[in-house]
Amino acid sequence: MIVAIDGPAGAGKSTVAKILAKRLGFLYIDTGAMYRALTLKALDNNVDINDECKVNKLALEANIDLCNNLDGSLSVILDGKDVSLDIRQPRITQVVSEVSKIKGVRQVLVKMQRELGKKGDCVLEGRDIGTVVFPHAQKKFFIDASVKVRVNRRFKELKGLNQNIAEDDVARDLSNRDKIDSTRQVSPLRKADDAFFIDTTELSVEGVVEKMLELCKVNG
Ligand code: DC
C-alpha cells in the first residue's frame, strides 16, 4: 500500500509521516531529502544550479539512498556518505526549490522514488506524490497550516538543529519556496483531487496522525 502525503514546507509532513509510517509498520520515504541531497552534490561540486544540462547530468550520476533506522530516524546517503545533517543547512534550503524545478531532475528523482516505492508498503511525503509520483496511491493526504504556524514550526525545528537563523529569514525563505514550488511548470505543488485535506494549524501532531490512521482504515 502507498500512502502519499503532500503539502507545503512547515505543514508538518515529515513529523506526521514518520510517526504514521512507524504506526503502520511501513517504510518512510522523504522525497524532499532527495532533492536536497542532489542540491548538496551540485553545490559541493561547484556546479552552477542554473545550468540545467550540468544539473541533469549530476542527477543521473547521483546515488541517493534512504535508510529507515530502527529508532525511527531516516538516514540520507549520497554517493555512499551519510548527509542527513548536511542537507538541512541553510545554503541548501535557500536554493533547493531552484534545483527541484528542473524537468530533467524531476524525471530522474521521480524514477528513483517509484523504485523505492516498490520495496513494499510505504508512506511517501513531498509535493507531487499524489499527483505525479504515485497517482494511484491507495491513500492521499494534502496537509497545510497557516503561514504563521508553518514559519513558527520551521523556526523551532531549525533552532533544534542549532541553526542560528532569524524568524524573519525563515518566513522569507518559506514564502519564496512556496512561490517557486507551487508555480513551477513541472509538477507544481497541488492537492490531488482525491486527496484528503487536513488543516494542521490547530491540531496536535498526535491529532493529525490519529486522523490519518482513521482514514487509512477506511476502504476505498
Ligand atoms: O520537504 P522539503 O522542504 O525538505 O523539500 C525541499 C524542496 O524539495 C522543496 O522546496 C521542493 C522540493 N520537493 C519537490 O519539488 N518535490 C517533492 N516531491 C519533494 C520536495
Side-chain angles (χ1 to χ4, degrees), residues 2-18 28-43 49 52 55-56 59 62 64 66 73-76 78 83-117 122-135 137 140-145 147 150-151 153-158 160-161 163 165 170-192 195 200:
I2 298 278
V3 179
I5 304 180
D6 291 304
K13 291 187 305 290
S14 302
T15 313
V16 295
K18 243 181 241 170
Y28 163 60
I29 299 175
D30 174 0
T31 61
M34 300 171 79
Y35 289 95
R36 286 173 177 272
L38 178 63
T39 305
L40 176 71
K41 187 172 168 84
L43 296 189
I49 57 158
E52 295 198 7
V55 182
N56 284 344
I64 302 170
L66 302 177
S73 63
L74 182 84
S75 295
V76 184
L78 171 68
V83 294
S84 313
L85 284 180
D86 302 324
I87 60 167
R88 305 289 160 195
Q89 293 167 358
R91 67 185 180 113
I92 307 297
T93 307
Q94 277 155 17
V95 297
V96 62
S97 284
E98 294 294 344
V99 171
S100 49
K101 74 180 190 193
I102 302 173
K103 189 175 173 194
V105 163
R106 302 203 72 81
Q107 282 170 343
V108 175
L109 294 200
V110 166
K111 196 165 168 231
M112 281 185 201
Q113 290 155 16
R114 289 185 179 144
E115 285 303 315
L116 288 172
C122 15
V123 175
L124 291 102
E125 59 137 313
R127 304 290 191 286
D128 59 342
I129 309 301
T131 51
V132 175
V133 185
F134 285 107
K140 297 182 187 178
F141 298 99
F142 189 93
I143 68 173
D144 205 348
V147 173
R150 291 198 288 122
V151 168
R153 282 182 189 152
R154 211 11 84 93
F155 177 62
K156 283 187 182 151
E157 186 187 324
L158 293 174
L161 288 172
Q163 286 185 24
I165 180 165
V170 177
R172 205 167 307 123
D173 161 68
L174 212 88
S175 113
N176 186 36
R177 286 206 291 145
D178 276 0
K179 194 165 159 218
I180 301 174
D181 295 347
S182 51
T183 59
R184 68 181 175 220
Q185 280 190 337
V186 197
S187 26
L189 168 69
R190 88 172 168 79
K191 177 187 165 301
T200 68

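When a ligand or atom number is given, it counts from 1 through the structure's own listing order.
- Shown in contact with Asp128 at under 4.0 Å from a heavy atom are these atoms of ligand 1, numbered in order with element: 16 (N), 17 (C), 18 (N).
- Listed by atom number, the atoms of ligand 1 under 4.0 Å from Ser97 heavy atoms are 10 (O).
- At a heavy-atom distance under 4.0 Å, only side-chain atoms of Arg36, from C-beta outward, approach ligand 1.
- Checking each of Leu38, Ile64, Ile87 against Leu78 for a side-chain contact (heavy atoms from CB on, under 4.5 Å) leaves exactly one that passes, namely Ile64.
- The closest side-chain heavy-atom distance from Asn56 to Gln107 is not below 4.5 Å.
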Below 3.5 Å, can you tabulate the donor-acceptor pairs from side chains in residues 126-134 to any protein atom, sequence neighbours excluded?
{"residue": "Arg127", "atom": "NE", "partner": "Asp181", "partner atom": "OD2", "Å": "3.4"}
{"residue": "Asp128", "atom": "OD2", "partner": "Arg106", "partner atom": "NH2", "Å": "2.9"}
{"residue": "Thr131", "atom": "OG1", "partner": "Asp128", "partner atom": "O", "Å": "3.4"}

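- In this structure, the protein non-hydrogen atom closest to atom 8 (O) of ligand 1 is Tyr35 CB, 3.7 Å.
- Contact atoms of ligand 1 toward Asp181: 9 (C), 10 (O), 11 (C) (distance under 4.0 Å to a heavy atom of the residue).
- Summary of contacts: the protein heavy atom closest to atom 20 (C) of ligand 1 is Gly32 CA, 3.4 Å.
- Of all the heavy atoms of Arg127, the ones lying under 4.0 Å from any atom of ligand 1 are found in both the backbone and the side chain.
- When each atom of ligand 1 is checked for a heavy atom of Thr31 under 4.0 Å away, the hits are 17 (C), 18 (N), 19 (C).
- Among the atoms of Arg106, some N or O lies under 3.5 angstrom from an N or O of ligand 1.
- Using a 4.0 angstrom heavy-atom cutoff, Met34 does not count as in contact with ligand 1.
- The contact set between ligand 1 and Arg88, taken as ligand atoms under 4.0 Å from a residue heavy atom, comprises 4 (O).
- Contacts between Glu98 and ligand 1 below 4.0 angstrom, taking non-hydrogen atoms only, are absent altogether.
- The option with the heavy atom closest to atom 6 (C) of ligand 1, from among Lys13, Lys101, Arg177, Arg184, is Arg177.
- Here Arg190 does not pair with Asp6 in a salt bridge; the nearest charged N to carboxylate O distance is not below 4.0 Å.
- Of all protein heavy atoms, the one lying nearest to atom 12 (C) of ligand 1 is Ser100 OG, 3.3 Å.
- A donor-acceptor pair under 3.5 Å links the side-chain atoms of Lys13 to the main chain of Pro8, judged by distance alone.
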Checking side chain to side chain donor-acceptor pair (under 3.5 Å) for the pair Thr93/Arg36: CA distance, chi angles, key distance, verdict? CA-CA 8 Å; Thr93 307; Arg36 286 173 177 272; 3.1 Å; yes

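- Among residues two or more places apart in sequence or in another chain, the salt bridge (Lys or Arg N to Asp or Glu O under 4.0 Å) test is passed with Lys191 by none.
- Looking at every heavy atom in both residues, Leu40 comes nearest to Ile92 through CA-CD1, 3.6 Å.
- With respect to the salt-bridge test (charged N to carboxylate O, under 4.0 angstrom), the residues Arg154 and Asp178 do not qualify.
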